[in-house]
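Heavy atoms only: backbone and side chains are in, while hydrogens, waters and symmetry mates are out. Convention: sequence-line order gives letters A, B, ...; per-chain numbering from 1.
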Amino acid sequence: MSMLLVQALNGLQFGVLLFLVAAGLSLVFGVMDLINLAHGVQYMLGAYVAATLGVWTGSFWLGALLSLPVALLVGLALEWLVFRHLYRRDHLSQVLATFGVILTVDEATRALWGSAPQTVLEPSGLTGGPMGGVEIVAGLIYPTYRLVIIGIGIVVPLLLWFLVERTRAGMLVRAGATHPAMVSALGVDIRRLFTVVFAFGAMLAGFAGALASPIFPVAPGMGDTVLILCFVVIVIGGVGSIRGAFIAALLVGLLDSVGRAMLPDLLRLVLDPSSARQTGAALASMLVYIVMAAILFFRPAGLFPGGRAA
Amino acid sequence: MTAPLRKHALALVTLLALAAAPFLGFGDGFALGLLARAMILGMAAVSLSLLVGGAGLVSLGHAATMGIGAYAVVAFDAAGVSEGLIVFPAAIAAAAAYALVTGAVSLRTSGVHFIMITLAFGQMAFFTTSSFSSLGGDDGYTLYARTEWLGMRIMDNRLAFHFLCLGLLALVWVGGTLLLGSRFGRVLRAARENPQRALAVGFQPYPYRLVAYVMAGAVGGLAGALLANASEFVSPALLSWTRSGELLFMVILGGVGQIGGAILGALAIVLLEESLSHLLVYWRLVFGPLLVLSVLFLPDGLIGAPPRLRAAFRFASPKRRNADA
């Protein structure tokens, strides 16, 4: 039972990280109709910069904080260099050009940092309690840092919701997502709006990478797996819908973590242990995609259709 | 007669060059192996081009059909069967069956959702193959021997294998071109341009698309079976989504308008990768930007480059650019 609770918390925390990456992806897709495969690269860079700056400055938190402006700048640079030329192109060209960006940035990371995983500082100040954890249920200690991530995962979506639903900039973003021509006819510089949304999304993804760096290995290509899961998230949630992305991210995170922990045991009821372990692992990896295919089959527009119907 | 000849000139020249290559200094094992790989990927790319260019269906899971073809060869190899008359039809049938099942579901969606759902099925196939522990799991499987034909080890001969691949590539290209020009292909294109209108004149796009999807899957399976023989090694990496992305890239770089472009794209990518990786350690730092630039500046792909250049030099009549399309 406590095992299930731990897996559920791990799943929530993974879901929160997925949401931070998927939110930017969904905004860019919803507002600009741009499929940006290179968004995962921002996540990876966030992790690398946070790890490196953390070691330099001697504080994980300082490194994570400094990675925010760096991610923002990289986002602006990529937008200026590549993405700005893709807004008017078809989805196919966008997929391909951003695929080229992935190859380039992955390779640049390998050239700058090497292929080995990076050392990351422990997030200091959170080592209170026995063994750096908090006793959530009697006899069950859970790492404080992971709880902090879940907390951030509650605060950031609320902020984002406020920004999008209650501010003028958010209103323009929402309007731009559904009626871009109308918004620009009203005298809004849609180009600048795009740039801001893009850079903001890049920063969120970088932030997710920085948060993930003490938990997952910081290595080249780490963004690619996350990116694919984020596409699953925004497609399940409904393209352009922040609320849909949030719920779908938690769903995917939970399915993935709990499935990995539970499926091999469940299959042991019908199969012998070694094949149960293998089939279970494969099924658990597939689970998310099976659910996505099923959801798309019954609700092609996702769970919370909103924004632009793509 | 000259018009279709001119239209297919670039693809024809490429096929002729591939036929002549073994006698023009590319006869050693390494170069022939490289060309075989390019031709095999070219077959898969042509079949994908049939979907993308012909039917407007952008699949991001086409590598799965290739992987299934390759894993069929491997599974028979593990069972001690290497007769081509059994292995190849089985590989093609397995890939076609996969395409039939996944296509039946995927084709209910369109646009971005189609891209994503094909990706999802591709990922499922990827994780399935990595769970085949008797076939090496994640580590992959090395073939004991190449496929035989009626007990003869024809495919062990490099030159024979080269011409076998070339012949099949030409066959796939001619078949695809004829198919797109036929009534069937016209329905596909009509449904791509305007589904409502196709429906209004009495054509349900769904069955046509499904048949095209299954045919493309079958060719993907054939390419996979050949690829397993060419590299004598198969691993789940063959089914990864980046591999599907690469196939799409070959199609686009070559030019979506004509399926012959996919052959050019496959050759260009394989040769470019190979030569760059020999010259540089971090060769993708050059390769990646080249891909981005090609998307930005070659919207019609390589096959559209000559008419585009001609039009650029003869700017007095810009209309000519569209004449070939």
Side-chain angles (χ1 to χ4, degrees), chain A residues 29 33 35 37-38 81-82 85-86 89-108 110-112 221 224 227-228 231-232 234-236 239 274-275 277-294 296-298 300-302 309-310, chain B residues 52-53 56 58 60-61 102 104-106 108-134 137 240-242 244-246 248-249 251-253 256 280-299:
Chain A
F29 193 14
D33 200 24
I35 302 189
L37 290 189
L81 272 174
V82 182
H85 310 288
L86 292 170
R89 302 288 294 275
D90 55 359
H91 285 149
L92 204 53
S93 309
Q94 297 171 350
V95 165
L96 295 173
T98 52
F99 187 70
V101 174
I102 296 188
L103 288 184
T104 314
V105 180
D106 271 358
E107 190 81 335
R110 223 170 276 134
L112 282 173
D224 300 349
L227 171 86
I228 290 297
F231 267 109
V232 171
I234 66 173
V235 168
I236 291 181
V239 171
S274 80
S275 51
R277 186 158 35 81
Q278 278 161 14
T279 333
L283 259 184
S285 314
M286 269 187 261
L287 192 59
V288 169
Y289 299 100
I290 295 174
V291 170
M292 161 164 142
L296 281 186
F297 188 75
F298 291 109
Chain B
V52 177
V58 181
L60 196 49
T102 60
V105 178
S106 313
R108 286 173 51 113
T109 62
S110 62
V112 179
H113 294 111
F114 182 79
I115 300 183
M116 296 314 297
I117 207 162
T118 50
L119 171 78
F121 282 122
Q123 290 291 94
M124 287 181 213
F126 170 77
F127 288 120
T128 307
T129 54
S130 40
S131 76
F132 290 155
S133 54
S134 58
S240 75
W241 74 272
T242 42
S244 293
E246 217 174 74
L248 258 185
F249 221 108
V251 173
I252 310 304
L253 181 69
V256 192
L280 301 161
V281 183
Y282 298 110
W283 57 277
R284 287 192 196 83
L285 281 180
V286 179
F287 186 65
L290 274 180
L291 295 188
V292 176
L293 290 174
S294 74
V295 173
L296 293 181
F297 296 107
L298 277 178

Next on the checklist: With a 4.5 angstrom heavy-atom cut-off, is it the side chain or the backbone of B/F287 that approaches chain A, or both, or neither?
Outcome noted: side chain
Next on the checklist: Counting only non-hydrogen atoms closer than 4.5 Å, does A/I290 touch chain B with its backbone (N, CA, C, O), its side chain (CB onward), both, or neither?
Outcome noted: both
Item to check | B/I117 versus A/M292, closest heavy-atom pair with distance | outcome: N-CE, 4.2 Å
Checklist outcome for this item: Per-residue tally against chain B (heavy atom, under 4.5 Å) across A/V235, A/L287, A/T104 peaks at A/T104
Checklist outcome for this item: Highest number of heavy-atom pairs under 4.5 Å with chain A among B/L291, B/I252, B/T109 belongs to B/I252
Next on the checklist: Working to the nearest 0.5 angstrom, can you tell me the gap between A/L37 CG and B/L60 CG?
Outcome noted: 7.5 Å
Next on the checklist: Given heavy-atom pairs under 4.5 angstrom as the criterion, report whether the side chain, backbone, both or neither of B/S106 touches chain A.
Outcome noted: neither
Checklist entry - Which atoms of A/I236 come close to chain B, meaning under 4.5 Å heavy atom to heavy atom: side chain ones, backbone ones, both, or neither? => result neither
Item to check | Side chain proximity check, B/V58 to A/H91, heavy atoms < 4.5 angstrom | outcome: no
Next on the checklist: Do B/V292 and A/V101 make a side-chain contact, defined as non-hydrogen atoms from C-beta onward lying under 4.5 Å apart?
Outcome noted: yes
Checklist outcome for this item: Pair count under 4.5 Å, heavy atoms only, with chain B: among A/V82, A/L283, A/L103, highest is A/L103
Checklist outcome for this item: When the 4.5 angstrom heavy-atom criterion is applied to A/I35 and chain B, the contacting part is side chain
Item to check | A/F99 and B/W241 aromatic ring geometry - parallel, tilted or perpendicular at 30°/60° bounds | outcome: perpendicular
Next on the checklist: Would you compute the distance between atom CD of B/Q123 and atom CD1 of A/I228 and round it to the nearest 0.5 angstrom?
Outcome noted: 6.0 Å
Checklist outcome for this item: For A/F231 and B/M116, the nearest pair of non-hydrogen atoms, with its separation, is CB-CE, 3.0 Å
Checklist entry - Is B/V295 close to A/R89 at the side-chain level, that is, under 4.5 Å between some pair of heavy atoms? => result yes
Checklist entry - With only heavy atoms counted, which part of B/V281 is less than 4.5 Å from chain A, the side chain, the backbone, both or neither? => result backbone
Item to check | Pairwise side-chain contact, A/L92 with B/L248, heavy-atom cut-off 4.5 Å (strictly under) | outcome: yes
Checklist entry - Closest heavy-atom contact between B/Y282 and A/R110? => result OH-O, 3.7 Å
Checklist entry - chain B: which of A/A111, A/A97, A/A282, A/S93 shares the most heavy-atom pairs with it under 4.5 Å? => result A/A111
Item to check | Structural part of A/L96 lying under 4.5 Å from a heavy atom of chain B | outcome: both
Checklist entry - What is the minimum heavy-atom distance between A/E107 and B/L285, and which atoms define it? => result CG-N, 3.7 Å
Checklist outcome for this item: If one checks every heavy atom of B/F121 against chain A at 4.5 Å, the contacting part turns out to be side chain
